[in-house]
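What follows is a short report on a single structure.
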Amino acid sequence: MLKVRRSRAYTRWFGWYSRRQFRRHFHSLRVQMPPELPEMELDTPVIFYGNHAYWWDGFWSQLCAELYFRQNLYIIIEYAQLKKHQFFTRLGAFSIDRGNARSAIGTLDYAAERLLSPSARQNALWIFPQGKIEHVDKRPLLFFRGTAGIAERVFKKRESIYLVSVVSRIEYLEEQKPELFLSFGSPTLLKKSDWNGLDALTALMQTATESHLDKVKQAVVERRLDGFEVVVRGSESINRRVEAFRGLFGKGRSAGSEK
């Protein structure tokens, strides 16, 4: 298993690099954030779980952690991918190999250890329980039980943990470049006394994520975007540049015809 080798310098650089990439490839990055979410108790660990529909998922998790939270970010990445891009271990990533049962169990143990480690910051694990990239509208969602397994391990030493649904959707609206929408749900404080087993929690997260995705899709379709804050605005796309040029050229012709 590849473990975390966090570096503050690498993290700062990656924050700059992520913004640069979002500005280059998107018209905007919009985030919907419940006001109570950044107010979570720092001594209670949190698991952010969501759909895995895009290559970009590892980028925006780090950016949101920087913008909204005071946290130690951890993120689980498939071993084969992290082996090729070990740089991400500097940002809080560690690996899972689902083809190796003993190694996978070790990853769940390690994840719980990270969530339980003493810190003045909140320990936060970002995980995509689908385990692979799938279309954003695929239904039903099928989650691996690893996320629930991590929560079960945390309960051996703690009485509660936060669970937060976070979903992403990329859409083309009125611009040449796409828009990236991120939506966070309200935090659910799951208590040890509420534990009903791995399957029950996995099913609960699947249902919550499907409902969350459907709500975001409907908001985008109906253009109800007031609840989304633009946190990164991209450079102007070609269509806007052409419109601006035509506007200037048209004004110039109008001014010349009046003389």
Side-chain angles (χ1 to χ4, degrees), residues 14-38 47-69 73 75 77-78 81 126-143 147 163-187 205-247:
F14 190 72
W16 168 84
Y17 178 75
S18 296
R19 287 177 172 82
R20 184 171 180 266
Q21 292 302 305
F22 285 128
R23 292 189 184 103
R24 179 181 178 185
H25 294 282
F26 293 93
H27 175 70
S28 69
L29 167 58
R30 302 172 186 249
V31 176
Q32 186 179 55
M33 175 70 61
E36 66 271 20
L37 188 54
I47 295 178
F48 293 97
Y49 65 93
N51 67 308
H52 192 21
Y54 308 107
W55 178 86
W56 292 96
D57 291 337
F59 281 76
W60 56 256
S61 56
Q62 173 64 45
L63 180 61
C64 287
E66 175 188 330
L67 288 174
Y68 295 102
F69 306 109
L73 178 146
I75 185 169
I77 297 178
E78 284 286 344
Q81 293 299 316
W126 294 66
I127 189 168
F128 305 98
Q130 287 170 277
K132 59 182 179 180
I133 293 178
E134 295 185 315
H135 194 277
V136 66
D137 291 321
K138 180 180 179 181
R139 299 291 185 276
L141 295 180
L142 296 177
F143 284 179
T147 308
L163 296 177
V164 178
S165 169
V166 53
V167 300
S168 62
R169 187 174 190 90
I170 294 176
E171 291 279 4
Y172 284 88
L173 301 182
E174 287 78 23
E175 302 295 331
Q176 181 189 34
K177 292 182 179 180
E179 316 253 359
L180 172 55
F181 295 90
L182 306 177
S183 177
F184 289 79
S186 297
M205 291 188 295
Q206 287 177 175
T207 300
T209 302
E210 288 179 353
S211 176
H212 196 173
L213 281 167
D214 292 343
K215 289 179 180 178
V216 171
K217 179 180 180 179
Q218 194 63 29
V220 173
V221 169
E222 297 176 1
R223 298 299 195 268
R224 294 183 285 104
L225 308 181
D226 292 345
F228 289 87
E229 175 190 9
V230 177
V231 298
V232 177
R233 190 173 295 281
S235 58
E236 286 191 340
S237 51
I238 294 176
N239 63 310
R240 293 300 182 190
R241 295 176 187 176
V242 171
E243 289 172 5
F245 175 79
R246 287 177 174 172

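Computation of the quantities below employed the complete heavy-atom set of this structure, encompassing side-chain atoms and omitting hydrogens, waters and symmetry-equivalent molecules. Note that the numbering runs from 1 along the sequence shown for the chain.
Remark: K177 does not engage E175 in a salt bridge, criterion side-chain N to carboxylate O under 4.0 Å. Between R19 and E66 there is a salt bridge, since a side-chain N of the basic residue sits under 4.0 Å from a carboxylate O of the acidic one. Salt bridge E179/R30: present, at least one basic N to carboxylate O contact under 4.0 Å. Between E174 and R223 there is a salt bridge, since a side-chain N of the basic residue sits under 4.0 Å from a carboxylate O of the acidic one.
Closest heavy-atom contact between I170 and P178: CG2-CB, 3.6 Å. Across every non-hydrogen atom of T209 and N51, the tightest pair is CG2-N, 4.0 Å. Across all non-hydrogen atoms, the minimal contact from I133 to A53 is CG2-O, 3.4 Å. Heavy-atom minimum distance, L37 versus G185: CD2-O, 3.9 Å. Nearest heavy atoms, S165 versus A208: OG-O, 4.4 Å. L213 and V167 make their closest contact through CD2-CB, 3.5 Å (heavy atoms, listed as atom of the first residue, atom of the second, distance).
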### Query
Stepwise, does the side-chain contact (heavy atoms from CB on, under 4.5 Å) test hold for L173 with L225?
CA-CA 12 Å; L173 301 182; L225 308 181; 4.1 Å; yes
#### Entry: Derivation and outcome, side-chain contact (heavy atoms from CB on, under 4.5 Å), residues L141 and F143
CA-CA 6 Å; L141 295 180; F143 284 179; 4.2 Å; yes
### Step-by-step side-chain contact (heavy atoms from CB on, under 4.5 Å) determination, I47 to V164
CA-CA 6 Å; I47 295 178; V164 178; over 6 Å; no
### Task
Go through the steps to decide whether F22 and L63 satisfy the test side-chain contact (heavy atoms from CB on, under 4.5 Å), and finish with yes or no.
CA-CA 10 Å; F22 285 128; L63 180 61; 3.8 Å; yes
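Side-chain contact annotation: S186 with E36, donor-acceptor N/O pair under 3.5 Å present. A donor-acceptor contact closer than 3.5 angstrom is absent between the side chains of Q206 and E210.
Contact of the V232 side chain with the R23 side chain is registered, since non-hydrogen atoms from C-beta on lie closer than 4.5 Å. At a threshold of 4.5 Å between non-hydrogen side-chain atoms, the residues H52 and K132 do not count as touching. Looking only at side-chain heavy atoms (C-beta outward), I77 and F128 stay at 4.5 Å or farther from each other. Here the side chains of I127 and I75 are not in contact, with every heavy-atom distance at 4.5 Å or above. At a threshold of 4.5 Å between non-hydrogen side-chain atoms, the residues L163 and Y49 count as touching. M33 places a side-chain heavy atom less than 4.5 Å from the side chain of P38. Side-chain contact between Y54 and S168 is present, with heavy atoms from C-beta onward closer than 4.5 Å. In this structure the side chain of L29 reaches within 4.5 angstrom of the side chain of L182, judged on heavy atoms.
Applying the 6.0 Å contact sphere to CZ of R224 captures more than 12 heavy atoms from other residues, nucleotides or ligands.
F69 has its ring centre less than 6.0 Å from the ring centre of F48. Note: F26 and W56 meet the aromatic proximity criterion, with ring centroids under 6.0 Å apart.
Using the six-membered ring where Trp is involved, F184 and Y68 have ring planes that are tilted, between 30° and 60° apart.
Remark: K217 NZ to S183 OG distance equals 15.5 Å, nearest 0.5 Å. To the nearest 0.5 Å, atom CZ of residue F181 and atom CD of residue E171 are 7.0 Å apart. H212 NE2 to R169 CZ: the interatomic distance, rounded to the nearest 0.5 Å, is 12.0 Å. Here the OG atom belonging to S28 is positioned 8.0 Å from the CG atom belonging to L180, to the nearest 0.5 angstrom.
Under the rule for a ring pair (Phe, Tyr, Trp, His ring centres under 6.0 Å), the partners of F14 that lie at least two apart in sequence or sit in another chain are F59, F87, F88.
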